[in-house]
Amino acid sequence: MVRKRVGILISGRGSNMASLMDAARADNCAYEIACVISNRPDAAGLETARKSGITAVALDHKTLGSREALESAMHEALIASQAELVACAGFMRIMTGDFIAKWDGRMINIHPSLLPLFKGVNTHERALQAGVRVHGCSVHFVSAELDAGAIIAQGVVKVMPGDDADTLAARVLAVEHRIYPAVLNALAGDRIRLEDGRTVFSDADAATLSVIADN
Ligand code: GAR
């Protein structure tokens with residue numbers, strides 16, 4: 001099996017990145033990590049990647065100056081590492097339509113809410129404030145509109161009495177770590193694709209990935 005090469009974009013801690021790296025160690029995984037790129041040179045995830053021998057590219061959006069300059073450096077690093085797919089894993093910069101178009105149908109993101117609810121930041125605080133009884137995460141194709149691309153899979157957790165943003169975030173994160181590698185593996189194995197702005201699953205087995213729950 002030829003594994004698809006994946007570039008991972010991060011901005012910080014990199015726990016989702018680590019879960020993608022862990023899954024790539026399995027013999028039957030359909031992808032391998034081509035590189036990890038951060039827009040913040042101090043992102044902890046860069047060190048984790050380096051320790052595993054993965055090409056880690058530190059960019060600095062502040063010194064690069066513009067969104068276009070950051071994206072052209074990212075694109076160059078992705079091409080240099082022969083990435084075929086891109087997985088955003090806690091990447092916190094808004095991307096231009098031009099960059100997104102280059103990776104149309106080949107770039108996915110994980111977002112910590114059940115989209116289309118709570119796009120943007122502070123999702124756990126806002127979920128608690130809204131009083132929703134279920135919350136979770138969504139994996140979606142990246143499209144020009146922020147957090148609005150075709151949803152591939154969602155991980156669902158109950159909101160418990162007494163939850164605060166930290167306890168809720170921790171339960172959502174545990175589900176993120178399960179769902180993201182599973183989706184990336186299916187995408188790399190050509191079992192999921194983007195067609196006319198919707199997610200298409202090639203078989204019933206792939207479709208079973210689309211919802212997971214934490215109990
Ligand atoms: C994760 O919860 C991810 O879903 C979220 O940032 C966190 C990154 O944690 N992503 C976004 O908010 C994207 N808009 P990690 O660095 O430990 O993976």
Side-chain angles (χ1 to χ4, degrees), residues 6 8-11 13-20 22-23 29-31 85-92 94-95 100 103-160 163-215:
V6 179
I8 303 180
L9 306 185
I10 64 167
S11 297
R13 176 177 61 178
S15 71
N16 275 289
M17 173 208 75
S19 77
L20 297 178
D22 284 348
C29 187
Y31 67 85
L85 299 172
V86 179
C88 303
F91 182 68
M92 302 306 280
I94 290 174
M95 296 182 259
I100 291 166
W103 295 95
D104 189 39
R106 297 188 297 146
M107 178 157 61
I108 59 175
N109 178 47
I110 187 153
H111 179 78
S113 78
L114 294 175
L115 290 170
L117 289 174
F118 314 125
K119 295 172 180 173
V121 296
N122 302 326
T123 57
H124 309 303
E125 287 84 345
R126 287 155 62 210
L128 288 170
Q129 196 130 46
V132 293
R133 301 273 58 114
V134 292
H135 182 47
C137 61
S138 305
V139 181
H140 62 93
F141 285 104
V142 177
S143 70
E145 197 186 327
L146 183 69
D147 298 332
I151 294 168
I152 302 169
Q154 295 188 301
V156 181
V157 308
K158 285 182 190 164
V159 179
M160 301 296 195
D163 259 337
D164 60 25
D166 290 339
T167 58
L168 189 54
R171 280 209 313 290
V172 172
L173 194 65
V175 175
E176 292 186 42
H177 294 165
R178 288 167 52 204
I179 204 166
Y180 209 18
V183 169
L184 184 58
N185 188 44
L187 180 68
D190 295 322
R191 294 159 61 215
I192 294 173
R193 65 182 188 279
L194 179 66
E195 209 171 275
D196 299 328
R198 313 279 300 185
T199 300
V200 178
F201 297 95
S202 64
D203 54 79
D205 208 34
T208 62
L209 292 171
S210 62
V211 184
I212 66 162
D214 73 341
N215 57 4

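Residues Ile10 and Phe91 fail the side-chain proximity criterion, which asks for heavy atoms closer than 4.5 Å.
Among all heavy-atom pairs drawn from Cys88 and Tyr180, the shortest one is O-OH, 2.8 Å. Residues Ala30 and Gly189 approach most closely at CB-N, 3.8 Å, considering heavy atoms. Smallest separation of non-hydrogen atoms from Pro112 and Glu176: CB-OE2, 3.8 Å. The heavy-atom pair separating Trp103 from Leu85 by the smallest distance is CZ3-N, 4.3 Å. In plain terms, the two heavy atoms of Ala186 and Leu209 that are nearest each other are CB-CD1, 3.4 Å. Closest non-hydrogen pair, Val172 versus Cys137, comes out as CG1-CB, 4.0 Å.
Separation of atoms OG (Ser15) and CG (Leu173) is listed at 4.0 Å; rounding is to 0.5 Å. Expressed to the nearest 0.5 Å, how far CD1 of Ile179 lies from CG of Leu184 amounts to 12.5 Å. The structure places CZ of Arg106 at 13.0 Å from CD1 of Ile108, a figure rounded to the nearest 0.5 Å. The CD1 atom of Ile192 sits 11.0 Å away from the CG atom of Leu194 when rounded to the nearest 0.5 Å. Summarising the geometry, atom CG belonging to Asp214 is positioned 11.5 Å from atom NE2 belonging to His135; distances are rounded to the nearest 0.5 Å. Here Asp166 contributes atom CG and Glu125 contributes atom CD; the two are 8.0 Å apart, rounded to the nearest 0.5 Å.
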Show me the side-chain donor-acceptor pairs of residues 139-156 shorter than 3.5 Å, one per line, residues at least two apart or across chains.
| from | atom 1 | to | atom 2 | distance (Å) |
| --- | --- | --- | --- | --- |
| His140 | NE2 | Asn109 | ND2 | 3.1 |
| Ser143 | OG | Gly149 | N | 3.3 |
| Asp147 | OD2 | Gly120 | N | 2.8 |
| Gln154 | NE2 | Leu115 | O | 3.1 |
| Gln154 | NE2 | Ser138 | OG | 2.9 |

Verdict with supporting geometry, Asp205 and Arg191, side-chain contact (heavy atoms from CB on, under 4.5 Å) = CA-CA 9 Å; Asp205 208 34; Arg191 294 159 61 215; 3.8 Å; yes
Checking side-chain contact (heavy atoms from CB on, under 4.5 Å) for the pair Arg126/Ser113: CA distance, chi angles, key distance, verdict?
-> CA-CA 10 Å; Arg126 287 155 62 210; Ser113 78; over 6 Å; no
Derivation of the side-chain contact (heavy atoms from CB on, under 4.5 Å) call for Arg171 and Asp163 = CA-CA 10 Å; Arg171 280 209 313 290; Asp163 259 337; 2.7 Å; yes
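Side-chain contact annotation: His111 with Thr123, donor-acceptor N/O pair under 3.5 Å absent.
No side-chain donor-acceptor contact under 3.5 Å links Tyr31 to the backbone of Leu187.
Enclosure of atom CD in Gln129 is not indicated, since only 12 or fewer non-hydrogen atoms of other residues, nucleotides or ligands lie within 6.0 angstrom.
The side-chain hydrogen bond (donor to acceptor under 3.5 Å, both in side chains) test applied to Thr199 returns no partner, not counting sequence neighbours.
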